[in-house]
Protein chains: 2
Amino acid sequence: MRKPNAKDRILETAGELFFQRGYSGVGINEIIEKAGTAKASFYQHFPSKESLCEAWLQDMHDRSSVHHGELLASGLPPQEMAAACFTRLADFLKAGDFRGCPYSNTGAVSDENCFGIVKLIRVHKESTRIFFRKIASLAIPDEGRAATIGDRLFLLYSGATAEAQNLKCLWPVEIAGEAAVELLT
Amino acid sequence: MRKPNAKDRILETAGELFFQRGYSGVGINEIIEKAGTAKASFYQHFPSKESLCEAWLQDMHDRSSVHHGELLASGLPPQEMAAACFTRLADFLKAGDFRGCPYSNTGAVSDENCFGIVKLIRVHKESTRIFFRKIASLAIPDEGRAATIGDRLFLLYSGATAEAQNLKCLWPVEIAGEAAVELLT
DNA sequence: CCATAAGCAGACAGACTTGTCTGTAAAGTG
DNA sequence: CACTTTACAGACAAGTCTGTCTGCTTATGG
């Protein structure tokens, strides 16, 4: 097995734990234990737990930006782009370790004092909104109408993510996916 | 000012605090202090903090059931029923103390061991879904199609709630409200 | 008047939390 | 070899949390 440096190990371990049990449900001690590192090493790389959370959110955002870029450059018809998003979400759900949108979950336990965290959530959500607007603009000539439809896709995606988690079932993603395709035709 | 018994005072105080800062962000000590009661009194009425949370969720669900019933019995056209839901949500947002869906927020910090809490969240969400399906069935003759549209209303409502909180702005509610009315015409 | 119930006050236990600190060991570099 | 960087090990502080406990006060109903 590979053995990257301590910082990467911490970030990777924290990412898995935060994703599965939420930011507030995981302590530093568990992270460093599972990452096989020492507390002093942790605080050498991250000044606080909050900054680790910010690094995690930033990391996820970077990955999702790459994925969004690839999808937009794929040349697929816009309906299939949107469908791919919901299929991907459904696959996550079927994999079993899905716990809802990590950004929303983190926001639910962050007060207004956590400026960095709140800002990263906003940046990611706004960027996802733009992504769906771009998809909509490929299918809808009217610029204003495309923006509105893009926002609706975004809200359907968010609602499907939230309620699939709350109800622990798949239908919200399927229904939202169908609605998204309909909105684009 | 009235002075109801300790149990009601605790439930009311906890409701406000849970709503504003989340279940995990509020401790027993703060609740009893703000409610003007003693810890022993608290544990005489509630065996645990978790059971207080369940009572809170149940209380909110009962109120929302009443409201849903009133709206369905109002005789308004279905488009206006749906619009009223989103207007109500917008009013909450403008009031300033909105912190997102309390059920989703509580679910984000409850692990699978909290059976009672998870179940209450599911019951409420499923009941809200039924509510929107009933609205849809008033506007759409085809039964299957009405169910699908009802589910879409539900997902739009959920997405609007979540993203209005994440982005701290009003447009998700407005966009979702418009989309809901369009879906019903 | 008195007994029972309800509530208040707050110490306390035990288990967590984040973050600091001291000290040691290993590995790469001039 | 010497030096610096990096990481490991873990005690410790200071605070949080839930939940239990003892004792005191007040109110109500027979």
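Below, chain A is the first sequence line, B the second, and so on; all start at residue 1.
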message: Looking at A:R9 and A:E12, is there a salt bridge between them, counting it only when a charged N and a carboxylate O are closer than 4.0 Å?
response: no

- prompt: Atom CD1 of A:I121 and atom CD of B:Q165: how far apart are they, to the nearest 0.5 Å?
  reply: 9.0 Å

field: Pairwise distance CD(A:E112) to SG(A:C114) - rounded to 0.5 angstrom
entry: 8.5 Å

- request: In whole angstrom, give the distance that lies between atom CD of B:E33 and atom C1' of C:dG10.
  value: 13 Å

message: One thing to verify: whether A:R88 and A:E70 come together as a salt bridge, which I'm taking to mean a side-chain N less than 4.0 angstrom from a carboxylate O.
response: no

task: Tell me, with the steps shown, if B:F18 and B:I31 meet side-chain contact (heavy atoms from CB on, under 4.5 Å).
output: CA-CA 9 Å; B:F18 285 164; B:I31 292 170; 3.9 Å; yes

message: Whether A:R9 contacts D:dT6 is assessed here as follows: a side-chain N or O lying under 4.0 Å from the phosphate OP1 or OP2. Is that the case?
response: no

message: Once you measure the plane-to-plane angle for A:H68 and A:F131, does it fall in the parallel (<30°), tilted (30-60°) or perpendicular (>60°) bin?
response: parallel

query: Rounded to the Å, how far apart are A:K7 NZ and D:dA7 P?
result: 10 Å

query: Is any side-chain N or O of B:K39 under 3.5 Å from a base N or O of D:dG19, one able to act as donor and the other as acceptor?
result: yes

message: Taking the basic N atoms (NZ, or NE/NH1/NH2) and the acidic carboxylate oxygens, is any pair closer than 4.0 Å for A:E182 and B:R152?
response: yes

Nucleic acid contacts of residues 20-29 of chain B, taken as heavy-atom distances under 4.0 Å to DNA chain D: B:V26, B:G27, B:I28, B:N29

- request: With a 4.0 Å heavy-atom cut-off, tell me which residues in residues 46-54 of chain B come close to DNA chain D, sorted by residue number.
  value: B:S48, B:K49

message: Tell me the interatomic distance from A:Q44, atom CD, to C:dC21, atom C1', rounded to whole angstroms.
response: 13 Å

message: Check the orientation of A:Y157 and A:F86. Use parallel for under 30°, tilted for 30 to 60°, and perpendicular for over 60°.
response: perpendicular

- request: Kindly determine whether B:F132 and B:L156 satisfy side-chain contact (heavy atoms from CB on, under 4.5 Å), including the steps that lead there.
  value: CA-CA 11 Å; B:F132 279 113; B:L156 281 169; over 6 Å; no

field: Sub-4.0 Å heavy-atom contacts from residues 102-114 of chain A onto DNA chain C, ordered by number
entry: none

query: Taking atom P of D:dC17 as reference, at what distance in whole Å does atom CD1 of B:I32 sit?
result: 11 Å

d(CZ, A:F42; C1', C:dT20) in whole Å: 13 Å

query: Under a 4.0 Å N-O cut-off, is there an ion pair linking B:E30 with B:R21?
result: yes

task: Please determine if a side-chain N or O atom of A:H45 lies less than 4.0 Å away from the OP1 or OP2 oxygen of D:dT6.
output: no

- prompt: What distance separates B:E163 CD from A:T128 OG1, expressed to the nearest 0.5 Å?
  reply: 8.0 Å

query: Counting just side-chain N and O atoms, does B:T37 come under 4.0 Å of either OP1 or OP2 of C:dG7?
result: no

field: Protein-nucleotide distance (B:Y43, atom OH; C:dG10, atom P), rounded to Å
entry: 18 Å

